[in-house]
Participant: 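The structure under discussion is supplied below as structure tokens; questions concerning it will follow.
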Amino acid sequence: MADYGLLLIRIIIGATMMGHGAQKLFGWFGGHGLKGTGGWFESIGMRPGVAMALLAGMTELAGGLLFGLGLFTWVGAALIVGTMLVAIVKVHGANGYWVTQNGIEYNVILIATVIAVALIGAGSFSIDAMLQG
């Protein structure tokens with residue numbers, strides 16, 4: 001049953017991170033696209049904004065895809081952890097822990113979960129497991 005649990009975690013987190021990347025890159029799912037996200041990034045001191053939005057969007061999309069598929073799972077986890085650490089430093093860190101105050105709660109839970117999966121392994125239902133034979 002553990003393999004099913006790992007699959008569920010990977011798919012939900014992977015798809016969610018891909019969705020966040022698509023919001024930044026393409027404006028999908030209520031996002032603002034590169035220009036809008038870039039403008040917001042500029043407003044919080046991340047310059048050049050559009051380039052930073054492109055980097056963030058690509059990192060979230062790639063990290064989510066790798067993590068969700070269980071392909072080079074530790075790389076996907078590292079990409080997700082990296083974007084969450086930037087979100088903590090640039091946006092959420094000053095707001096305390098709880099998400100109700102726009103704090104770091106969501107980021108910390110994602111970081112802990114993806115690191116745990118990377119340490120445990122992606123499970124039998126992953127491309128990593130197929131590659132290992």
Side-chain angles (χ1 to χ4, degrees):
M1 295 304 283
D3 289 320
Y4 291 102
L6 289 166
L7 177 64
L8 178 63
I9 292 167
R10 286 193 355 260
I11 288 174
I12 297 301
I13 290 177
T16 300
M17 291 308 300
M18 289 175 64
H20 278 281
Q23 287 176 321
K24 289 173 180 68
L25 295 171
F26 314 119
W28 296 354
F29 313 118
H32 301 286
L34 284 175
K35 189 173 182 180
T37 303
W40 181 70
F41 276 14
E42 289 268 345
S43 78
I44 61 170
M46 296 178 70
R47 294 183 176 85
V50 171
M52 293 292 104
L54 178 63
L55 180 61
M58 288 177 19
T59 302
E60 289 174 343
L61 191 69
L65 180 64
L66 291 173
F67 192 79
L69 293 173
L71 173 63
F72 306 117
T73 305
W74 67 271
V75 174
L79 293 172
I80 293 168
V81 168
T83 59
M84 291 301 101
L85 289 175
V86 171
I88 288 170
V89 170
K90 295 302 290 182
V91 180
H92 303 286
N95 300 321
Y97 185 77
W98 301 109
V99 74
T100 52
Q101 304 301 316
N102 200 28
I104 64 171
E105 175 186 4
Y106 171 75
N107 311 102
V108 169
I109 289 170
L110 278 174
I111 289 169
T113 305
V114 301
I115 289 173
V117 171
L119 291 171
I120 293 166
S124 296
F125 306 122
S126 68
I127 296 175
D128 285 345
M130 289 191 297
L131 293 174
Q132 292 175 354

Participant: Find the distance between OG1 (T113) and CZ (R10) and round it off to the nearest 0.5 Å.
Facilitator: 14.0 Å

Participant: Rounded at 0.5 Å granularity, tell me how far CZ in F26 sits from CG in L61.
Facilitator: 6.0 Å

Participant: If two hydrophobic side chains count as joined below 4.5 Å and joins carry through other members, does M58 share a cluster with L71?
Facilitator: yes

Participant: For D128 and A122, work out which heavy atoms get closest and say how close.
Facilitator: OD2-CB, 4.3 Å

Participant: If you define the side chain from C-beta out and look only at heavy atoms, does anything of N95 sit under 4.5 Å from I104?
Facilitator: no

Participant: Please check this pair: side chain of E105 against backbone of V99, looking for a donor-acceptor N/O pair closer than 3.5 Å.
Facilitator: yes

Participant: Would you give the length of the straight line joining atom CG of N107 to atom CD1 of I80, rounded to the nearest 0.5 angstrom?
Facilitator: 12.5 Å

Participant: If you group Ile, Leu, Val, Met, Phe, Trp and Tyr by side-chain heavy-atom gaps below 4.5 Å, do V81 and I88 land in one group?
Facilitator: yes

Participant: Quick one: closest heavy-atom pair of L66 and G76, and the distance?
Facilitator: CB-CA, 3.9 Å

Participant: To the nearest 0.5 Å, tell me how far L55 CG sits from L25 CG.
Facilitator: 10.0 Å

Participant: Give me the atom names and distance for the closest heavy-atom approach of E60 to K24.
Facilitator: OE1-NZ, 2.9 Å

Participant: Kindly compute the distance separating NE2 (H92) from CG (L85), expressed to the nearest 0.5 Å.
Facilitator: 12.0 Å

Participant: Report yes if the side chains of I127 and F72 come closer than 4.5 Å at any heavy-atom pair, otherwise no.
Facilitator: no

Participant: To the nearest 0.5 Å, how far apart are CD in Q132 and OG in S126?
Facilitator: 7.5 Å

Participant: Any chance OH of Y4 has more than 12 other-residue heavy atoms, nucleotides or ligands included, within less than 6.0 Å?
Facilitator: no

Participant: Is the number of heavy atoms from other residues, nucleotides or ligands within 6.0 Å of NZ (K90) greater than 12?
Facilitator: yes

Participant: Look at the side-chain heavy atoms of Ile, Leu, Val, Met, Phe, Trp and Tyr, link any pair under 4.5 Å apart, and say whether L110 and I9 land in one connected group.
Facilitator: yes

Participant: Find out whether T83 and M17 are in side-chain contact, i.e. whether some heavy atom of one side chain is under 4.5 Å from a heavy atom of the other.
Facilitator: yes

Participant: Check Y106 against H20 and note the closest heavy-atom contact, atom names and distance.
Facilitator: OH-NE2, 3.7 Å

Participant: Give the cluster check for V75 versus M18: same hydrophobic cluster or not, with ILVMFWY residues linked at side-chain heavy-atom distances below 4.5 Å.
Facilitator: yes

Participant: Let me check something: do I120 and F67 share a hydrophobic cluster, defined by ILVMFWY side-chain heavy atoms less than 4.5 Å apart, either directly or through other members?
Facilitator: yes

Participant: On a heavy-atom basis, which atom in L34 and which in A53 lie closest, and how many Å separate them?
Facilitator: CD2-C, 3.8 Å

Participant: Could you tell me which non-hydrogen atom of A129 sits nearest to which non-hydrogen atom of G123, and how far apart they are?
Facilitator: CB-O, 3.4 Å

